[in-house]
Amino acid sequence: MAKYKLEYIWLDGYEPVANLRGKTQIKEYASFPKLEELPMWGFDGSSTRQAEGRSSDCMLKPVAVFPDTTKKNGVLVMCEVMMPDMKTPHPSNARATVLDDPGAWFGFEQEYFLYKDGAPLGFPPGGNFPPPQGEYYTGVGYKNVGDIAREIVDTHLDLCLDAGINHEGINAEVAKGQWEFQIFGKGSKSAADQMWMARYILMRLCEKYEVDIVWHCKPLGKDVDWNGSGMHSNFSTTHMREVGGKEYFEALMAAFDKYKNEHIAVYGPDNHLRLTGLHETQSIDKFNYGIANRGASVRVPHSFVNNGYKGYLEDRRPNSQGDPYKIASRILQTIATVPTK
């Protein structure tokens, strides 16, 4: 038997954006623990805006487990928050609202800024700006990416792969100090589980660099000519991949238009600062779609049309602070309104 360090990780009750929380317990196992071997565990919900002090117990239900190679016998445990009866999802538990569809596939493209001393990495001191956007996207060299950002994002990639997270790639983004990574998962909740864990790993990694991750969709404000951060969400269902068709696609887009306000409501706060019609976005109050159009609400890949309107679509409206559980939940709710026969 060996002692394993189980880091239980969950989302708190802060609004409009939940924070990641974590605490560790030690348990003995003969080998790396399976999900079904991990016990539920309680925490003080009154300290996380999930309960009142006079009745503060909340429960953590393990839902995904990953090895933590930064520690000997380390285990990362993604959890849902449950009520004290251990059966009822807590009101803050967005994961519990996601329709269970093993045929649903999601790919999330997470953009973010690396910040140090109150400004993006590479910005000159005193509130000044570096040269304008142009060479930073997929950039190479000190003047474009600085001296520690590459080390951070490469290490993050390795740690995610070591953990079994389906991390699909990284790139420097359009603004100085801005980066992106991509996560893919099969099953309606898998990609969201992995995205939250990848966010956690990145934030914990940056502690030793004295760097913060700024997830806000427009941290530099809307009145300057600097791109914001999104979390473009690629999605498909079994029907979209195997049956599809132009008629179904048009009905699906009509449903996305009908529920555009419901989507925006869960696509991340302050999206009005980002969805302005500029910087590869559509205006927040409009819905449109277009083939290979990065200024559309939904981008339709050429491969989708060429394959008989079958495959995946990209919703470009979710922003970098969006909760992938809420995003997946809303997308699947809208898809469910469209008949498949």
Side-chain angles (χ1 to χ4, degrees), residues 1-100 159-160 163-165 183 185 187-207 213 215 266 321-329:
M1 302 286 282
K3 292 184 182 294
Y4 283 83
K5 308 178 186 83
L6 310 179
E7 178 76 4
Y8 278 48
I9 297 155
W10 73 97
L11 300 174
D12 67 17
Y14 278 63
E15 295 180 342
V17 181
N19 301 293
L20 284 160
R21 304 279 183 145
K23 65 174 185 171
T24 303
Q25 66 171 320
I26 310 302
K27 294 285 185 181
E28 288 191 347
Y29 295 94
S31 60
F32 188 86
K34 296 180 174 63
L35 180 61
E36 57 269 21
E37 296 178 301
L38 298 170
M40 294 187 74
W41 194 17
F43 71 94
D44 172 16
S46 68
S47 296
T48 61
R49 296 188 182 177
Q50 288 166 301
E52 296 181 357
R54 55 189 169 87
S55 180
S56 63
D57 289 348
C58 293
M59 301 302 297
L60 297 174
K61 175 186 175 182
V63 295
V65 58
F66 308 89
D68 182 358
T69 56
T70 68
K71 301 175 182 177
K72 180 181 179 181
N73 294 335
V75 184
L76 299 170
V77 185
M78 192 68 213
C79 299
E80 286 187 14
V81 178
M82 310 297 287
M83 300 299 285
D85 63 6
M86 299 191 290
K87 296 179 181 179
T88 306
H90 189 274
S92 66
N93 182 352
R95 187 182 190 274
T97 72
V98 182
L99 297 175
D100 189 12
L159 291 175
C160 285
I165 292 172
I183 300 292
S188 53
K189 302 174 183 178
S190 175
D193 288 337
Q194 294 181 74
M195 175 56 77
W196 274 116
M197 190 57 70
R199 286 175 170 179
Y200 169 82
I201 291 171
L202 180 60
M203 293 174 71
R204 194 180 69 177
L205 169 65
C206 285
E207 292 170 359
I213 305 300
W215 306 106
V266 297
Q321 276 187 303
D323 180 344
Y325 292 136
K326 294 180 181 179
I327 294 166
S329 179

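Residue numbers start at 1 and run along the sequence shown. These values consider heavy atoms only, across backbone and side chains, with no hydrogens, waters or symmetry-generated copies. The model shown is predicted, which means the values in this text are computed figures rather than measured ones.
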Is any side-chain heavy atom of [X] less than 4.5 Å from a side-chain heavy atom of [Y]?
{"X": "R21", "Y": "Y14", "result": "yes"}
{"X": "D57", "Y": "M83", "result": "no"}
{"X": "Y29", "Y": "L6", "result": "yes"}
{"X": "W196", "Y": "D323", "result": "yes"}
{"X": "T69", "Y": "L159", "result": "yes"}
{"X": "Y325", "Y": "L11", "result": "yes"}
{"X": "V75", "Y": "V77", "result": "yes"}

Minimal non-hydrogen separation, [X] against [Y], with atom names:
{"X": "K326", "Y": "A94", "result": "CG-CB, 3.6 Å"}
{"X": "L60", "Y": "P62", "result": "O-CD, 3.5 Å"}
{"X": "T97", "Y": "N93", "result": "CG2-O, 4.1 Å"}
{"X": "L76", "Y": "P67", "result": "CD1-O, 4.3 Å"}

If you count heavy atoms of other groups shown closer than 6.0 angstrom to [atom1] of [X], is the number above 12?
{"X": "M40", "atom1": "CE", "result": "yes"}
{"X": "E36", "atom1": "CD", "result": "yes"}
{"X": "K61", "atom1": "NZ", "result": "no"}

Closer than 3.5 angstrom, by distance alone: can the side chain of K5 be matched with the main-chain N or O of K72 as a donor-acceptor pair? yes
| task | Examine distances only and state if a side-chain atom of S56 and a backbone atom of A51 form a donor-acceptor pair shorter than 3.5 Å. | result | no
Would you call the rings of Y4 and F32 parallel, tilted or perpendicular, taking 30° and 60° as the class edges? perpendicular
Return the [atom1] to [atom2] distance between [X] and [Y], rounded to the nearest 0.5 Å.
{"X": "R204", "Y": "I213", "atom1": "CZ", "atom2": "CD1", "result": "13.5 Å"}
{"X": "T88", "Y": "M82", "atom1": "OG1", "atom2": "CE", "result": "6.5 Å"}
{"X": "E7", "Y": "T24", "atom1": "CD", "atom2": "OG1", "result": "3.5 Å"}
{"X": "I201", "Y": "M203", "atom1": "CD1", "atom2": "CE", "result": "12.5 Å"}
{"X": "M78", "Y": "L35", "atom1": "CE", "atom2": "CG", "result": "12.5 Å"}
{"X": "M59", "Y": "E80", "atom1": "CE", "atom2": "CD", "result": "13.5 Å"}

message: Would you say S329 and R95 are linked by a side-chain donor-acceptor pair, where the criterion is simply a distance under 3.5 Å?
response: no
* Going by distance alone, is a donor N or O of one side chain under 3.5 Å from an acceptor N or O of the other, for D193 and S190? -> no
So the ring pair (Phe, Tyr, Trp, His ring centres under 6.0 Å) pairs with at least one residue in residues 36-59 (sequence neighbours excluded) are Y8-W41, W10-F43
Does the salt bridge (charged side-chain N to carboxylate O under 4.0 Å, His left out) test come out yes or no for E52 and R54, once each step is laid out? CA-CA 6 Å; E52 296 181 357; R54 55 189 169 87; 2.6 Å; yes
Ring pair (Phe, Tyr, Trp, His ring centres under 6.0 Å) filter on Y200, not counting sequence neighbours, yields none
Only one of N19, V81, L20, V17 passes side-chain contact (heavy atoms from CB on, under 4.5 Å) with D12, and that residue is N19
The side-chain contact (heavy atoms from CB on, under 4.5 Å) partner of M197 among I183, I9, L202, V65 is I9
Taken in chain and number order and not counting sequence neighbours, the residues that satisfy side-chain hydrogen bond (donor to acceptor under 3.5 Å, both in side chains) with S92 are Q50, H90
